[in-house]
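Okay, structure first, notes after.
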Protein chains: 2
Amino acid sequence: MRYVGDHRRQTHSRIVENASYGLRQNGAEGLSVVELMKLAGLTHGGFYNHFESRAALVGEAIAFAMDQMVERWKKLANRKASGDRFETLIADYLSSRHRDNPRHGCALPALAADVARSSPSEQRALASKLEKMIDILVEVLPADGPQQARQIAAGAIATMVGSIVLSRAVGAGKLSDDILDAGRMTVCGRPHNRQRRTAKATSCDKP
Amino acid sequence: MRYVGDHRRQTHSRIVENASYGLRQNGAEGLSVVELMKLAGLTHGGFYNHFESRAALVGEAIAFAMDQMVERWKKLANRKASGDRFETLIADYLSSRHRDNPRHGCALPALAADVARSSPSEQRALASKLEKMIDILVEVLPADGPQQARQIAAGAIATMVGSIVLSRAVGAGKLSDDILDAGRMTVCGRPHNRQRRTAKATSCDKP
DNA sequence: GTTGTTATATGACGATAATCATATAACATG
DNA sequence: CATGTTATATGATTATCGTCATATAACAAC
């Protein structure tokens with residue numbers, strides 16, 4: 001080899017990383033190949049030496065973002081006492097800082113809707129990353145049975161993703177802030193879900 | 001007038017309605033003007049007699065979808081006894097039927113991420129429709145103070161939106177079903193959020 | 001049927017998209 | 001420094017986009 005071994009790999013990574021930020025901000029279809037390469041300080045020419053297609057880059061960029069989120073959660077959790085970890089992760093996710101910075105935020109509020117319309121292989125890739133996020137949340141969750149913990153964790157992520165999506169979609173203002181508060185309360189507040197419904201069981205009250 | 005008065009209006013509505021279904025399925029940028037008009041059985045020619053721009057149609061299509069959801073909730077609630085209404089709306093929203101039919105489903109899981117990147121006026125329009133959804137949920141919510149009820153309702157919608165987005169994004173399979181279950185449990189189940197955390201207060205435990 | 005008006009269709013414009021072929025420039029080795 | 005290889009750039013191709021100008025067709029009134 002003439003070029004030092006990881007030169008190509010480094011460039012590849014740089015494209016992926018910058019694309020990951022750009023796509024989280026503009027959506028999966030929001031940047032052209034020319035723009036995507038410009039983010040890495042390159043022109044569009046060598047693109048197909050690095051990726052088989054534009055879709056392949058999008059996939060790598062999403063995976064990168066998900067890995068970044070997992071790493072962030074691990075670090076955040078390790079800095080806190082065991083009892084505070086869950087609330088710390090939730091507060092970090094449901095912050096105005098996260099809402100206002102999609103570039104460096106979680107891929108799910110920004111790109112999951114696009115993945116829902118993407119290929120099955122892309123969806124499987126996202127699923128495996130999401131499982132990792134669930135695993136981390138299960139670990140920091142105060143007890144419960146392992147079966148319930150998984151459900152709680154998945155529900156918490158759904159609430160957080162929906163809260164960020166909506167708080168961004170309604171634009172800056174009181175409603176946006178209220179949605180973040182409501183998400184926090186839903187995930188780890190107690191005021192509701194405490195009172196019991198008196199009505200007969202529905203599919204909501206399943207085991 | 002030569003043409004009977006509402007001919008134009010009817011066509012306009014037909015375009016909006018079909019576009020609303022198509023865009024919920026393919027995303028806000030997922031259909032061209034040509035395709036959008038074809039959905040209404042027309043060619044692209046007369047488009048700019050009906051709409052100022054493509055974005056204007058997208059806005060109307062989203063508003064149509066949100067109104068449709070509000071109407072659906074109203075009808076669904078009126079068919080049920082007072083105590084069952086909340087669970088009925090949640091079960092309807094967090095169903096595999098809804099997950100598998102974005103065309104006729106809520107606009108929020110399908111298009112909110114796009115609106116988050118859209119114009120402030122588009123975001124304000126969505127916000128006012130979302131307030132209506134919150135209002136309905138508040139009405140069918142078993143008591144609590146009005147302040148808390150609003151927060152519970154907003155949190156419930158966030159959870160539901162996130163659950164549908166994620167359950168679609170991971171593709172068909174166990175995880176997708178689990179996410180719907182987790183969303184239902186988060187919104188109206190009791191098993192978690194019942195046990196109290198022992199750790200010191202965090203931003204999650206705010207008043 | 002003719003006329004005046006409105007609704008829709010045909011076709012074109014310039015811009016931009018993804019992709020690919022080929023040329024240039026950067027590099028480690030001899 | 002020369003050489004062979006790899007990385008990146010230039011430029012072209014084909015397609016499709018939103019938009020608009022203009023032509024045709026549908027209609028109600030005369």
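Residue numbers start from 1 in every chain, and the chains themselves are labelled A, B, ... in the order their sequence lines are given, proteins ahead of strands. All heavy atoms count here, side chains included; hydrogens, waters and symmetry mates do not. Please read all numbers here as calculations on a predicted model, not as lab measurements.
- Screening residues 55-77 of chain A for ring-ring contact (aromatic ring centres under 6.0 Å, His included), with sequence neighbours left out, gives no hits.
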Atom pairs and distances, side-chain donor-acceptor, residues 152-160 of chain B, under 3.5 Å, sequence neighbours left out:
{"residue": "B/T159", "atom": "OG1", "partner": "A/T159", "partner atom": "OG1", "Å": "2.7"}
{"residue": "B/T159", "atom": "OG1", "partner": "B/G155", "partner atom": "O", "Å": "2.9"}

Generate the contact string for nucleotides 14-21 of chain D. Rules: B means base contact, S means sugar-phosphate contact only, - means no protein heavy atom under 4.0 Å.
---SSBB-
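- Pairs engaging residues 100-130 of chain B under the ring-ring contact (aromatic ring centres under 6.0 Å, His included) rule: B/Y21-B/H104 [sequence neighbours left out].
- For the pair A/R14 CZ and D/dA7 P, the computed distance is 13 Å after rounding to whole Å.
- Nucleotide C/dT10 holds its C1' atom 14 Å from the CG atom of B/N49, rounded to whole Å.
- Nucleotide D/dT8 holds its C1' atom 15 Å from the NZ atom of A/K38, rounded to whole Å.
- At whole-Å resolution of the value, CD in A/Q10 and P in D/dT8 are 10 Å apart.
- Across all strands, B/H50 comes closer than 4.0 Å only to sugar-phosphate atoms, never to a base (heavy-atom distances).
- Whole-Å rounding puts the B/L42 CG to D/dT24 C1' distance at 15 Å.
- The shortest distance between the side-chain N/O atoms of A/T11 and the OP1/OP2 oxygens of D/dA7 is not below 4.0 Å.
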Table please: side-chain donor-acceptor pairs of residues 121-128 of chain A below 3.5 Å, with sequence neighbours left out.
{"residue": "A/S121", "atom": "OG", "partner": "A/S119", "partner atom": "OG", "Å": "3.3"}
{"residue": "A/Q123", "atom": "NE2", "partner": "A/V115", "partner atom": "O", "Å": "3.2"}
{"residue": "A/Q123", "atom": "NE2", "partner": "A/A116", "partner atom": "O", "Å": "3.2"}
{"residue": "A/Q123", "atom": "NE2", "partner": "A/S118", "partner atom": "O", "Å": "3.4"}
{"residue": "A/S128", "atom": "OG", "partner": "A/A125", "partner atom": "O", "Å": "3.2"}

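- Exactly one of A/P102, A/S95, A/P109, A/C106 qualifies for a side chain to side chain contact (heavy atoms under 4.5 Å, CB included) with A/I164. That residue is A/P109.
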List, one per line, each side-chain donor-acceptor pair under 3.5 Å for residues 75-82 of chain B, sequence neighbours excluded.
{"residue": "B/N78", "atom": "ND2", "partner": "B/K74", "partner atom": "O", "Å": "3.4"}

